[in-house]
Amino acid sequence: MTNNPLSEIAEAIKNGDDFAVIPHVSPDGDAIGSCLGLYQILLTMNKRAVMVCDSRMPPIYSFLPYAYDFGSPETAGRKKTVITVDCADKQRLGGAGKLFDAAELTINIDHHATNDGFAMLNHVQGETSSCCEVVYELAKALGVKLDEETALCLYMGIMTDTGRFSHSNTNVASLTAAAELMQYGFDVAKLNRQVYSHFPVSKMRLLARALNKLELLADGRIGLIPISQKDMLEVRATNEDCEGIVERIRDIDTVELAIFIRQAKDGSLKVSMRSNEYANVAAIAEKFGGGGHERAAGYTSYWNYQKTYNTVVDAALREIENGD
Ligand code: 5GP
Ligand code: MN
């Protein structure tokens with residue numbers, strides 16, 4: 001894949017107008033933060049811009065500035081330039097892929113090492129903590145002065161992708177970017193409360209149910225939890241309520257590799273994986289058509305539960321044996 005330098009991306013943005021910024025489906029904090037951040041940067045530059053996402057906005061992020069500006073692929077018209085953020089492959093745009101295909105210019109800004117460079121211009125920093133950190137660098141390359149609200153969104157994505165500055169992607173660069181963004185003056189403590197201590201009770205009830213279903217394999221080095229639609233309906237849980245369960249599995253002292261399998265409404269299975277020290281979960285995810293990072297990756301399985309379970313456990317056991 002050819003990686004276009006940030007200066008080239010900045011030049012293309014300066015020369016363009018009429019943008020759509022698109023994050024991946026089921027957007028997480030980093031996807032939403034980089035989308036909102038880049039959107040505000042474009043507005044600051046007096047560009048016409050929209051944000052389009054093929055998933056509904058998780059309510060937990062609705063407090064963010066401009067969160068209600070997200071449109072759906074059905075209502076968004078054709079745009080000259082489409083910029084994807086935090087999106088490792090074109091499929092992860094979901095229905096917004098139509099807009100991407102219709103654009104005159106496509107730009108892919110990301111931080112997933114597995115990104116296949118699916119756009120006309122690609123800037124992928126596989127070693128960077130978050131897409132928000134890349135967007136912050138882009139703002140510098142554009143010479144755009146940020147405001148407090150834009151800084152808040154970018155900080156939020158760095159914070160969530162680094163697990164509140166605790167994962168292995170926390171480094172001098174991510175902390176420096178976060179510290180610089182903090183200088184714009186937003187309330188960091190309030191932001192933390194809004195993102196991490198403001199859950200509906202359904203999330204807690206689902207967590208209790210999930211922990212009861214925990215299965216440990218390979219002397220406790222692999223932890224696995226399945227959640228079905230029935231489980232979710234019984235506690236009135238949403239997909240967002242499932243977020244964070246896989247990290248709870250990884251918190252167990254014996255666990256190296258955590259697997260969370262969630263049944264979606266259409267019957268497909270969303271597999272999320274995390275590892276602590278050595279297991280490469282991106283390699284497992286890629287085997288099944290997904291991707292991600294060495295310590296956090298996922299994919300969607302269209303096999304039935306038993307086959308999905310058998311194949312992912314088999315791959316996890318091999319990965320554990322390899323790295324051990
Ligand atoms: P999560 O488990 O939180 O859904 O995702 C963890 C990481 O894996 C994220 O960085 C995400 O982008 C990546 N990931 C999750 N699901 C998929 C998928 O279906 N395809 C790809 N390419 N990456 C995924
Ligand atoms: Mn990310």
Side-chain angles (χ1 to χ4, degrees), residues 1 22-38 53-55 58 60-61 84-94 97 108-118 123-136 153-164 167-170 174 177 210 223-225 227 239-250 257-262 264 266 268-275 279-303 308 312 316:
M1 185 195 95
I22 313 179
H24 61 75
V25 288
S26 307
D28 56 5
D30 186 34
I32 292 166
S34 37
C35 196
L36 288 169
L38 184 53
C53 184
D54 194 18
S55 303
I60 186 114
Y61 295 115
T84 65
V85 286
D86 200 38
C87 185
D89 59 64
K90 215 187 101 181
Q91 267 187 329
R92 298 260 295 157
L93 295 174
N108 157 23
I109 298 173
D110 189 28
H111 75 123
H112 293 92
T114 55
N115 193 301
D116 55 10
F118 54 89
H123 184 79
V124 180
Q125 296 189 8
E127 300 288 308
T128 300
S129 73
S130 52
C131 191
C132 279
E133 195 182 325
V134 183
V135 171
Y136 178 47
C153 293
L154 296 179
Y155 178 97
M156 188 276 299
I158 302 176
M159 173 180 85
T160 52
D161 252 26
T162 57
R164 287 194 252 189
H167 297 154
S168 57
N169 57 354
T170 309
S174 52
L224 184 147
I225 291 178
I227 284 288
N239 291 348
E240 292 93 48
D241 291 336
C242 294
E243 258 187 47
I245 294 177
V246 69
E247 277 89 9
R248 297 288 77 74
I249 307 173
R250 181 173 60 179
L257 200 162
I259 306 169
F260 177 63
I261 306 177
R262 169 175 71 80
D266 68 358
S268 66
L269 296 163
K270 177 81 184 80
V271 181
S272 284
M273 292 174 291
R274 300 290 184 271
S275 63
N280 182 355
V281 289
I284 301 176
E286 276 191 272
K287 219 178 272 187
F288 300 113
H293 313 276
E294 278 193 22
R295 302 281 166 267
Y299 65 95
T300 300
S301 166
Y302 297 95
W303 290 328
T308 302
V312 73

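Counting starts at 1 for both ligands and their atoms, following the listed order. Note: hydrogens, waters and symmetry copies are ignored here, and every other heavy atom, side chains too, is used.
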Region of E243 engaging ligand 1 - heavy atom pairs below 4.0 Å: neither
Flag for N115-N108: side-chain donor and acceptor within less than 3.5 Å: yes
Which segment of D89 sits under 4.0 Å of ligand 1 when only heavy atoms are counted: side chain
Identity and distance of the protein heavy atom lying nearest atom 9 (C) of ligand 1: H112 NE2, 4.1 Å
Closest non-hydrogen atom pair, P27 against I32: CB-CG1, 3.6 Å
Short N or O distance, K270 and ligand 1, threshold 3.5 Å exclusive: yes
Atom of S129, atom of T162 and distance for their closest heavy-atom approach: CB-CG2, 3.8 Å
Atom 8 (O) of ligand 1 - nearest protein heavy atom and its distance: A297 CA, 3.1 Å
S130 side chain near I158 side chain, heavy-atom distance below 4.5 Å: yes
Student check: side-chain heavy atoms of H112 and D86 closer than 4.5 Å: yes
Shortest protein heavy-atom distance from atom 7 (C) of ligand 1, along with the residue and atom involved: A296 O, 3.4 Å
Parallel, tilted or perpendicular: ring planes of H293 versus H111, cut at 30 and 60 degrees: tilted
Protein heavy-atom partner closest to atom 6 (C) of ligand 1 - residue, atom, separation in Å: R274 NH1, 3.5 Å
Distance from atom 19 (O) of ligand 1 to nearest protein heavy atom, with residue and atom: Y299 CA, 3.4 Å
Test of proximity, G291 against ligand 1: N or O pairs below 3.5 Å: yes
Residue selection (non-hydrogen contact nearest atom 2 (O) of ligand 1) among S272, S26, G292, A258: S272
Nearest protein heavy atom with distance in Å, relative to atom 17 (C) of ligand 1: G298 O, 3.1 Å
Nearest to the Mn ion (ligand 2) - the N/O/S atom of D30, by atom name: OD2
Part of H293 with heavy atoms under 4.0 Å of ligand 1, whether side chain, backbone, both or neither: side chain
For the Mn ion (ligand 2), the closest N/O/S atom belonging to D161: OD2
The Mn ion (ligand 2) to nearest N/O/S of D86 below 2.8 Å: yes
Residue pair C132 / D161, side-chain heavy-atom distance below 4.5 Å: no
I259 and its side-chain contact (heavy atoms from CB on, under 4.5 Å) partner, picked from V246, I284, L224: L224
Pairwise side-chain contact, E247 with R274, heavy-atom cut-off 4.5 Å (strictly under): yes
4.5 Å side-chain heavy-atom contact, C87 and L93: yes
Beyond-backbone contact of F260 with V271, side-chain heavy atoms, under 4.5 angstrom: no
Location of contacts on Q91 toward ligand 1, heavy atoms closer than 4.0 Å: neither
N/O/S atom of C132 inside 2.8 Å of the Mn ion (ligand 2), strictly under: no
Nearest-contact summary for atom 11 (C) of ligand 1 - protein heavy atom, Å: R92 NH2, 3.7 Å
